[in-house]
Amino acid sequence: MNRLNTLFQQKQNLLSIYFTAGFPKLNDTLIILKALQDAGVDFVEIGMPFSDPLADGPVIQSSSTKALQNGMSLKILFEQLQEVRKTIDMPLVLMGYLNPVLKFGVEAFIAKCEEIGIDGLILPDLPFELYNEQYRPLFQASNISNIFLITPQTPEERIRLLDQHSTSFLYMVSSAAVTGTKSGVSQHQIDYFNRINQLNLKTPRMVGFGISNNESYKQVCNYAHGAIVGSAFIKLLEQSTSLEADIADFVKSIRGV
Amino acid sequence: MYQPNEKGFYGNFGGAFIPEMLIPNIEELKSKYLKIITSESFQKEYHRLLNDYAGRPSPLFKAERLSSKYGANIWLKREDLNHTGSHKLNNTIGQILLAKEMGRQRIIAETGAGQHGVATATVCALMGLNCVVYMGETDMERQAPNVARMRMLGAEVIPAKSGNRTLKDATNEALRDWIANPTDTFYLIGSVVGPHPYPDMVARLQSVISAEIKQQLKEKTGTELPNYVIACVGGGSNAAGSFYHFLNDNQVNLIGTEAAGMGVDSGETAASMACGDLGIIHGSMTYLMQNEDGQITEPYSISAGLDYPGIGPLHAYLRDIGRATYIPVTDQQALDAVMELTRLEGIIPALESAHALATLGLLPFKTTDNVVVTVSGRGDKDMKTYMEHFKL
Ligand SMILES: Cc1ncc(COP(=O)(O)O)c(C=O)c1O
């Protein structure tokens, strides 16, 4: 059991926010985390910026480029997060690509995550099979949940495999797209959500990619445990002149309160 | 020994480090490619097109003046004489037949020098399929004639605007397109890079180069094994094709040449073997240029086709086990080699190919040695660069 499991047991209609660490400014990480927690977000995905984020659309790409220009690195991110558990109680997930993690050293990386109090990892280019063969014991010993993605094209057999090996939630990619390129929820997607619901999976699902406002948030909450908002939040950060106030308003607008 | 295992690894290199969104497509390709490309009907059509459309076999030409200069028998494998002007067509003919067999209507590709883009647009025109090519904005400028050729052939050329706007960035965009279009689209990769099974598939489709070299050398000299095979390496497809049928013949020295740009210590380089270490790029574990935080470094080379921070996993493996040697070649050495081949043999090579030719003076040849250099492409596309550098 970690914070994610407790959260998923206790609450429905979860709202999770993704942001790229080091954006808009290098040292905004804790300010953004605190503002999101105060605004009542349920959990957060902290993006570890990468030079070549191949599952991401233009918005997250450019935030990553900016973050790297600002000097962000895993080392600095871990320094920023060293004391995060003094002020932040909500579950924290790190999301990023495998190469910087390999360079840091997977064991050292997991150890650091455990020390800081990270609950889950999303590493899109670490395929399930490689995780399962090489890294599963390491993740499990540190009680860190590896979060798998499913997409509209994932065959049922594979979904069941991923479900069986999931320890917190499944990231349900809403459509065939990179992040931030499509918005709104179509009938086609609703059919897909229904199809997944009928599989009676043991693992709760969060829907991500293309969730940008109250309407899409509410809609996907009818079919899943909650929604993940990324690019829309990055766009807000890009324009924001007062992070705390703007983040509070943004979260309110998504929740519709 | 030189085949990847079922997970796509050559030793520690290769594999398929891809997001879940690409898994169904890669799994389908993995389950079908060997069956299709080794089938009799595929082989028949592939070789018919190689012969009658591409103009193969490409000649193996004894370069007499180059031979006397370097004191060895220098043979040029003339991939520059292939239709569209480079070895790239060997691969696109094969993959387009595969795409058709798999029922895909829309073809996407990345391109650096534009040669792979042109070769893809060409086979798409031939087969009546839709074609979208991603090309870095920097490359669109320095290889402008190829952009026009692709457009004439009916392809849509989309500029990649991230990073240094070169081949790496174009490949990212092509992968993103494939993620967004998973059901009707075939990603026609241009080199021995990317997730398994691409490196193996492209190597097999380019292996016609070494199959021909063996036969031609036998006809011309009585022996089918040269002492050296030399080829330039961007991702490494013309080199993989040139080495392929010699891999088990240990007496054949295999030399790959990578682009050193301004020099391996200059920071302005694309020499992923000399300057890189182990990491993941475009779904494959290989040598790549990266900083200490695992961020991929922007490469530099005068040659758009070699301006890539990684290298195909087969080459990483061949280097690791000592089966092949990789030599960095600077912009200036390549330019000198362009002029040398042009004036000694009347052949204007592509900038990429010149990187292979530039090593002739660096290797300890004996006068009896047979040395095969693959001239991967012709220099038409580089005339703008040549006009500037040679003040033409
Ligand atoms: C003429 C020519 N040679 C070589 C290359 C490098 O590719 P590879 O290393 O895959 O042969 C290119 C790539 O664009 C090319 O156009």
Side-chain angles (χ1 to χ4, degrees), chain A residues 48-58 61-62 64-65 67-68 71-77 96-105 109 122-131 133 147-155 158-159 162 170-173 175-179 181-182 209, chain B residues 6-9 12 15-28 110 160-164 168-185 194-196 277-286 288-299 309-310:
Chain A
M48 306 176 280
F50 182 49
S51 55
D52 295 80
L54 56 82
D56 287 301
Q61 280 176 49
S62 73
S64 303
T65 305
L68 293 172
M72 184 46 85
S73 66
L74 275 184
K75 204 164 147 263
I76 290 176
L77 178 60
Y97 294 82
L98 189 54
N99 197 55
V101 174
L102 284 181
K103 192 79 182 170
F104 193 88
F109 178 82
I122 305 175
L123 300 168
D125 58 347
L126 173 62
F128 166 73
E129 288 73 15
L130 280 156
Y131 160 75
E133 280 160 29
I147 293 147
F148 306 116
L149 275 57
I150 59 172
T151 81
Q153 276 70 43
T154 311
R158 188 169 173 86
I159 294 176
L162 299 176
L170 279 167
Y171 193 132
M172 187 152 70
V173 177
S175 65
V178 292
T179 53
T181 46
K182 295 186 183 166
F209 287 38
Chain B
E6 77 285 358
K7 295 191 183 93
F9 282 92
N12 293 324
F17 295 84
I18 47 171
E20 196 59 39
M21 296 82 128
L22 290 175
I23 296 240
N25 266 322
I26 290 294
E27 284 297 321
E28 187 189 0
E110 83 296 339
K161 297 184 174 185
S162 56
N164 271 8
K168 164 176 82 79
D169 314 298
T171 309
N172 288 336
E173 287 306 325
L175 285 164
R176 288 179 188 123
D177 180 309
W178 210 20
I179 287 173
N181 298 285
T183 52
D184 65 340
T185 297
H196 178 65
D277 59 357
L278 196 62
I280 293 169
I281 182 168
H282 298 137
S284 184
M285 174 85 73
T286 187
L288 64 98
M289 301 197 311
Q290 55 185 326
N291 70 13
E292 60 186 27
D293 301 320
Q295 306 294 341
I296 298 175
T297 315
E298 295 298 340

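Sequence lines set the chain letters: A, B, ... in the order given, protein chains first and strands last, and positions in each chain run from 1.
- For the salt bridge (Lys or Arg N to Asp or Glu O under 4.0 Å) test, residues two or more places apart in sequence or in another chain that qualify with B:Glu27 are B:Lys30.
- Under the 4.5 Å side-chain criterion, counting only non-hydrogen atoms from C-beta, A:Gln61 is not in contact with B:Asn172.
- Within the 4.5 angstrom heavy-atom criterion, no atom of A:Tyr131 approaches chain B.
- You'll find the side chain of A:Asp52 reaches within 4.5 Å of the side chain of B:Lys168, heavy atoms only.
- Rounded to the nearest 0.5 Å, atoms CD (B:Glu298) and OG (A:Ser51) are 7.5 Å apart.
- For A:Lys75, the salt bridge (Lys or Arg N to Asp or Glu O under 4.0 Å) test picks out no residue, with sequence neighbours left out.
- For A:Pro53, the parts lying under 4.5 angstrom from a heavy atom of chain B are both the backbone and the side chain.
- Both the backbone and the side chain of A:Gln153 come within contact range of chain B, each with at least one heavy atom under 4.5 Å from a heavy atom of that chain.
- Contact check for A:Pro124 versus B:Glu20: no side-chain heavy atoms found under the 4.5 Å cut-off.
- The shortest non-hydrogen separation linking A:Asn99 to B:Ile280 is OD1-N, 2.8 Å.
- From B:Met21, atom CE reaches atom CD1 of A:Ile150 across 12.0 Å, with rounding to the nearest 0.5 Å.
- A:Leu123 does not touch chain B: none of its heavy atoms, backbone or side chain, sits under 4.5 Å away.
- B:Ile23 is listed as a side-chain neighbour of A:Pro127, based on a closest heavy-atom distance under 4.5 Å.
- Counted within 6.0 Å of CD on B:Glu292, heavy atoms from surrounding residues, nucleotides or ligands total 12 or fewer; the atom is thus considered open.
- For A:Leu74, no part lies under 4.5 angstrom from a heavy atom of chain B.
- Both the backbone and the side chain of A:Leu149 come within contact range of chain B, with heavy atoms under 4.5 Å apart.
- No part of A:Phe104 comes within reach of chain B, as not one of its non-hydrogen atoms sits under 4.5 angstrom from that chain.
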